[in-house]
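Have a look at the structure below, then the notes.
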Amino acid sequence: MGRERASAEAHWAALVNQAQQGDVEAFERLAKEHYQTVYAFSVGLSGDPTEAADIAQESLIKAFRKLGSYRFAASFRSWLLQVTRNTFRDRMRSHLQQRYKLRRLAERTVPLSPANPEQALAAKQTSAQVESALSRLEPQFREVVVLFDLQGFAYREIAEICGVPMGTVKSRLRRGRDGLRRLLVADGVIGSRRSGDDDSGRSR
Amino acid sequence: MKCTKARELLSDRHNGEISPRAAAGLRRHLKGCEACREATGELEEMLQMLGSWSSPALPDGFDEAVHERLSAQGQGQSLEAAPASAVSRPMWSSVVRGGGLVAAGAAAVLLIVWVTSTSNSTPAPATRILCPAPGHAKRATTMAPGIGVAARPPDSARRLRVGQVAVLVLSIRAEARQSDARLLVVLPDGVTLVGEGARDLEEKRMEWTASLDRGVNEIRVPVRARRVGTWRLVARARASGFRTVSETRLVVTRS
């Protein structure tokens, strides 16, 4: 991982240099390499693919505008995901907050019915269930779980993105996972209540 | 050991970040705690789910939307696409149909600005030439590269002066043959479409159906540079289960 990662970072740094000198194309090439990562992070944060597209776009534009302030303290990818995280947080705070709240309320009132096995196997639904549960997890836990368990980032990079020490990342991951587990159990997505095939389960 | 501590250790254990001593303590706790045993199974189930999570594909038009907005920021110019308009008189298409520009006569000669010496070009797979207009799609022809057709300049060097005419080449790559692909070409404000007799045409948006061959398919668009700026031409192709975007950038400088 080390060498590959280092060469990727050097490659990004070269493009950043060009872009900082006003080369829009260089920035676009740079951005393109991160579209999917930024989008996936946005989906994980917002729990809504459509909303995520807006967040991702806005983040990329913001990154372009703020590129002059990027000082190579973190890798470009970490910095870009920082921008994405902030964009999401700003949106949460803004008028959209109401919408998020309403939607989450709706999800709580009508919990996902225990899925039948075939449905549970459908990957698409699984993703939607994961995203739905994630969106109800507190943001500071959610972002760490998304970055670590969904996107496979290392502690160091997550610490950079979220602007917290590595120890904090670790403890948030533990708590985040436990919180998410409870939500998924409550939704009937995981655990014995889902399939009933686990005799040592909650049957008591 | 308390359950909260055990839950933390479960997560650590999954990551392989647990000391032998803590692991032993956890095992002891699990032996006597049904709730935590249950939580162990749930956690593993959940983590397996998270591990198989895959992000949805980028939505349609994401690339272009970002590009548009970036270009607007970077150039201080808006690259908005012209409103949709039907191609009523695709006269200009005659320029590009039937074996490319060679057959098109005098008007075509005027259009070729990027002719390079092709005799020494390395052999490349045959390229399918598409005619961007309804009714002419079926006349797409397959021809070897370099039959006196405008060659593609390096991507970064597509420069024209105001008033100059050029044939822009938009490449669409298909991994497999696509019949009935919907093609769309959108021209930016700074360039106009050129038709027969090097006349300027009004069309800004051309949509038609064609089949794409496996490999590179080229769409050739004769244009005239109109306004100074960096402009972008976009070609989109869409079929069931297939979608691609190709674009060409054009820098227009003062005459």
Side-chain angles (χ1 to χ4, degrees), chain A residues 19 22-25 27-28 31-32 35-37 39-44 49-50 52-53 56-58 60-61 64-65 123-124 126-127 129-131 133-134 145-146 148-152 155 170-171 173-178 180-185 189-192 194 198 200-202 204, chain B residues 3-15 17-18 30 34-77 79 155-156 158 230 232 245 247 249 251:
Chain A
D23 184 344
V24 186
E25 275 180 40
F27 183 80
E28 276 203 66
K32 239 172 217 171
Y35 277 176
Q36 195 60 55
T37 309
Y39 181 60
F41 187 38
S42 307
V43 171
T50 311
Q57 257 186 46
E58 206 175 312
L60 290 162
I61 305 304
F64 177 68
R65 279 206 305 264
K124 206 171 183 180
T126 303
S127 292
Q129 285 167 332
V130 166
E131 286 154 24
L134 269 170
V145 173
V146 167
F148 193 91
D149 284 327
L150 260 46
Q151 297 193 269
Y155 290 135
K170 289 184 188 181
S171 64
L173 180 66
R174 292 184 194 117
R175 289 189 56 191
R177 279 174 170 178
D178 202 48
L180 187 64
R181 179 186 62 80
R182 286 163 201 269
L183 287 165
L184 287 168
V185 168
V189 177
I190 58 168
S192 52
R194 177 179 59 95
D198 183 359
S200 66
R202 283 203 177 85
R204 230 187 279 186
Chain B
C3 288
T4 42
K5 180 67 186 168
R7 303 287 162 90
E8 286 185 14
L9 289 174
L10 283 177
S11 171
D12 288 354
R13 189 175 70 175
H14 177 88
N15 296 351
E17 297 163 358
I18 190 169
L30 289 176
E34 190 187 330
C36 281
R37 278 205 304 276
E38 204 173 310
T40 309
E42 290 163 358
L43 181 76
E44 291 307 323
E45 195 180 348
M46 176 188 88
L47 290 170
Q48 205 180 350
M49 247 172 128
L50 297 186
S52 63
W53 179 85
S54 60
S55 166
L58 283 170
D60 280 5
F62 184 88
D63 259 43
E64 290 156 285
V66 173
H67 182 93
E68 300 275 330
R69 290 177 68 181
L70 284 176
S71 304
Q73 298 263 335
Q75 302 293 326
Q77 294 213 32
L79 300 192
D155 274 359
S156 55
R158 292 171 196 236
T230 300
R232 190 172 62 109
V245 178
E247 58 173 73
R249 225 167 233 255
V251 178

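What's counted below: heavy atoms across the whole structure, side chains too, no hydrogens, waters or symmetry copies. Chain identifiers are assigned alphabetically (A, B, ...) following the order of the sequence lines, protein sequences preceding nucleic acid strands; residue numbering begins at 1 within each chain.
Heavy atoms from other residues, nucleotides or ligands lying under 6.0 Å from NZ of K32(A) number more than 12.
Note that CZ of R181(A) is 11.0 Å distant from CD of E45(B), once rounded to the nearest 0.5 Å. For the atom pair CG (D178(A)) and OG (S11(B)), the distance works out to 8.5 Å, reported to the nearest 0.5 Å. Here E25(A) contributes atom CD and H67(B) contributes atom NE2; the two are 8.0 Å apart, rounded to the nearest 0.5 Å. Distance CG/L9(B) to CZ/R174(A): 7.5 Å, rounded to 0.5 Å.
Pairing each heavy atom of L60(A) with each of L70(B), the nearest pair is O-CD2, 4.4 Å. Nearest heavy atom pair, residue E42(B) against residue G191(A), reads CG-CA, 3.8 Å. The shortest non-hydrogen separation linking A65(B) to Q57(A) is CB-NE2, 3.2 Å. In terms of heavy atoms, M46(B) sits closest to R177(A) at CE-O, 3.5 Å.
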message: Pair M49(B), V189(A) - check side chain to side chain contact (heavy atoms under 4.5 Å, CB included), show working.
response: CA-CA 10 Å; M49(B) 247 172 128; V189(A) 177; 3.1 Å; yes
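Under the 4.5 Å side-chain criterion, counting only non-hydrogen atoms from C-beta, L50(B) is in contact with L180(A). Side-chain contact between W53(B) and L134(A) is absent, with no heavy atoms from C-beta onward closer than 4.5 Å.
Using a 4.5 Å cut-off between heavy atoms, F41(A) makes no contact with chain B at all. Using a 4.5 Å cut-off between heavy atoms, V145(A) touches chain B through its side chain atoms alone. Both the backbone and the side chain of L43(B) come within less than 4.5 Å of a heavy atom in chain A. Of the two parts of R175(A), neither the backbone nor the side chain holds a non-hydrogen atom closer than 4.5 Å to a non-hydrogen atom of chain B. The contact between D149(A) and chain B is made by backbone and side chain atoms together, counting heavy-atom distances below 4.5 Å. Interface remark: L184(A) contributes side-chain atoms only to the contact with chain B (heavy atom separation under 4.5 Å).
Heavy-atom pairs under 4.5 Å with chain A were tallied for T4(B), L47(B), N15(B); the largest tally goes to N15(B). Contact count versus chain A (heavy atoms, under 4.5 Å) is highest, among P56(B), S55(B), A57(B), for P56(B). With chain B as partner, the option from L173(A), D23(A), L150(A) having the largest number of non-hydrogen pairs under 4.5 angstrom is L150(A).
Side-chain atoms of E8(B) never come within 3.5 Å of backbone atoms of S171(A) as a donor-acceptor pair (strictly under, hydrogens ignored).
Ring geometry for Y35(A) versus F62(B): interplanar angle over 60°, hence perpendicular rather than tilted (30 to 60°).
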